[in-house]
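What follows is a single structure, written as structure tokens, with notes after it.
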Amino acid sequence: MKDFNVFHLNDINLKIEQSECILSSSPGVGSVHKNRIITGLEALPLLSKAPINTSVNYWHRIEKTTPHLTSDCSYTSADFVYAQIKMMWSGISKDKAIVVGYPSEYSEKQLGVLCGIFDALRVNVIGLVNSDLSSLNKIDIHQPIHLVRIQMNHTAQI
């Protein structure tokens with residue numbers, strides 16, 4: 001049994017896992033509703049009902065400081081990420097540290113903002129793992145390989 005949880009940063013399905021057990025999962029959807037941020041399954045119906053106040057790409061814009069949505073409230077992408085992580089951890093004990101599995105295209109600045117958000121929520125990050133490269137750890141590769149990461153609102157060739 002591991003003495004840490006794993007946070008899989010994949011905006012189609014964010015997950016917190018403990019060994020093989022999923023503790024929490026949530027789609028990377030956020031919206032402003034009645035002047036408050038809602039995320040995940042609660043925000044999913046608002047993609048069609050209130051698209052101007054709903055976003056699916058704030059995880060990839062986490063380092064941007066400009067307001068993210070065109071609404072009366074001006075929240076940054078980091079505000080949405082903070083709200084979603086807080087919601088996902090609401091039913092999980094914070095006594096275990098986490099390892100974050102992040103996409104290859106994340107920059108140091110994006111990872112720094114993400115770690116700052118976890119720190120503000122008092123969740124101890126003990127490691128950052130490139131999820132694209134770690135997924136290849138059991139493959140015997142002798143030639144160059146091209147990876148394509150497809151997420152909800154972002155595609156990258158690695």
Side-chain angles (χ1 to χ4, degrees), residues 4-18 21-132 134-135 148-158:
F4 60 88
N5 293 329
V6 178
F7 178 71
H8 296 278
L9 199 168
N10 179 336
D11 61 7
I12 291 174
N13 187 20
L14 302 154
K15 287 188 289 187
I16 303 168
E17 288 184 333
Q18 179 184 28
C21 177
I22 297 175
L23 301 174
S24 181
S25 68
S26 181
V29 178
S31 187
V32 176
H33 185 68
K34 296 182 181 178
N35 290 333
R36 72 176 185 92
I37 295 175
I38 58 172
T39 61
L41 291 176
E42 186 181 2
L44 206 52
L46 297 173
L47 272 171
S48 60
K49 292 179 183 176
I52 197 164
N53 292 334
T54 306
S55 175
V56 294
N57 66 355
Y58 52 92
W59 283 94
H60 284 284
R61 295 172 40 104
I62 189 172
E63 81 285 7
K64 305 292 183 199
T65 57
T66 54
H68 192 60
L69 301 173
T70 55
S71 69
D72 293 337
C73 304
S74 50
Y75 294 107
T76 66
S77 294
D79 294 325
F80 282 84
V81 170
Y82 178 91
Q84 187 152 28
I85 292 173
K86 183 177 180 181
M87 181 269 306
M88 290 181 73
W89 249 271
S90 64
I92 299 172
S93 172
K94 294 180 186 175
D95 62 345
K96 281 193 170 190
I98 64 157
V99 171
V100 177
Y102 68 92
S104 294
E105 67 272 11
Y106 258 53
S107 68
E108 280 186 37
K109 187 172 183 178
Q110 287 170 306
L111 291 171
V113 173
L114 181 65
C115 287
I117 290 170
F118 277 116
D119 188 51
L121 291 169
R122 295 185 177 18
V123 177
N124 182 24
V125 176
I126 60 169
L128 300 169
V129 177
N130 183 313
S131 58
D132 298 316
S134 69
S135 66
V148 177
R149 170 175 275 280
I150 300 172
Q151 292 192 323
M152 188 181 331
N153 203 32
H154 185 81
T155 303
Q157 181 177 357
I158 301 148

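No hydrogens, no waters, no symmetry mates; every other heavy atom, side chains included, goes into these values. Along the sequence shown, the residues carry numbers beginning at 1.
- For H8 and Y102, the ring centers are positioned 6.0 Å apart or more.
- Here the closest heavy-atom approach between residue S77 and residue R61 is recorded as CB-O, 3.1 Å.
- Between T54 and V29 the shortest side-chain heavy-atom distance falls below 4.5 Å.
- Within the 4.5 Å cutoff, the side chain of I37 has no heavy atoms near those of the Y58 side chain.
- The shortest heavy-atom contact between V56 and D11 is O-OD2, 4.0 Å.
- Heavy atoms only, all atoms of each residue included: S24 and M88 are closest at OG-O, 3.4 Å.
- Every pair passing salt bridge (charged side-chain N to carboxylate O under 4.0 Å, His left out) that includes a residue from residues 37-59 is listed here, sequence neighbours excluded: R36-E42.
- Partners of T65 under the side-chain hydrogen bond (donor to acceptor under 3.5 Å, both in side chains) rule, at least two apart in sequence or in another chain, do not exist in this structure.
- Scanning all heavy atoms of the two residues, the minimum distance from S25 to K15 falls at CB-CG, 3.9 Å.
- For the pair L128/L114, no side-chain contact is recorded, criterion being any heavy-atom separation below 4.5 Å from C-beta on.
- Between the NZ atom of K86 and the CZ atom of R122 there is a distance of 11.5 Å, given to the nearest 0.5 Å.
- Counted within 6.0 Å of NZ on K94, heavy atoms from surrounding residues, nucleotides or ligands total more than 12; the atom is thus considered enclosed.
- Note on ring orientation: taking the six-membered ring where Trp is involved, the planes of F80 and Y75 are perpendicular (angle over 60°, cut-offs 30° and 60°).
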request  = Take I117 and I62 through the test side-chain contact (heavy atoms from CB on, under 4.5 Å) and record every step on the way to the result.
outcome  = CA-CA 10 Å; I117 290 170; I62 189 172; 4.0 Å; yes

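- Note: Y82 OH to T76 OG1 = 12.0 Å, rounded to the nearest 0.5 Å.
- From L9, atom CG reaches atom CG of L14 across 6.0 Å, with rounding to the nearest 0.5 Å.
- The closest side-chain heavy-atom distance from N10 to P103 is not below 4.5 Å.
- Contact detail for L41 and S26: the closest heavy-atom pair is N-OG, 4.4 Å.
- Ring orientation note: the planes of F7 and W59 are tilted relative to one another, at an angle of 30° to 60°.
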Practice problem: For side-chain contact (heavy atoms from CB on, under 4.5 Å), just list the numbers for Y106 and V100, CA-CA rounded to whole Å, side-chain angles, deciding distance to a tenth of an Å, and then say yes or no. | Solution: CA-CA 12 Å; Y106 258 53; V100 177; over 6 Å; no

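- You'll find the side chain of Q110 stays beyond 4.5 Å of the side chain of E105, heavy atoms only.
- With sequence neighbours excluded, no residue satisfies salt bridge (charged side-chain N to carboxylate O under 4.0 Å, His left out) with E63.
- How far CG of N124 is from CG of N5: 11.5 Å, rounded to the nearest 0.5 Å.
- Between L46 and I38, the closest side-chain pair of non-hydrogen atoms falls below 4.5 Å.
- Side-chain atoms of S31 come within 3.5 Å of backbone N or O of N53 as a donor-acceptor pair.
- The structure places CD1 of I16 at 11.5 Å from SG of C21, a figure rounded to the nearest 0.5 Å.
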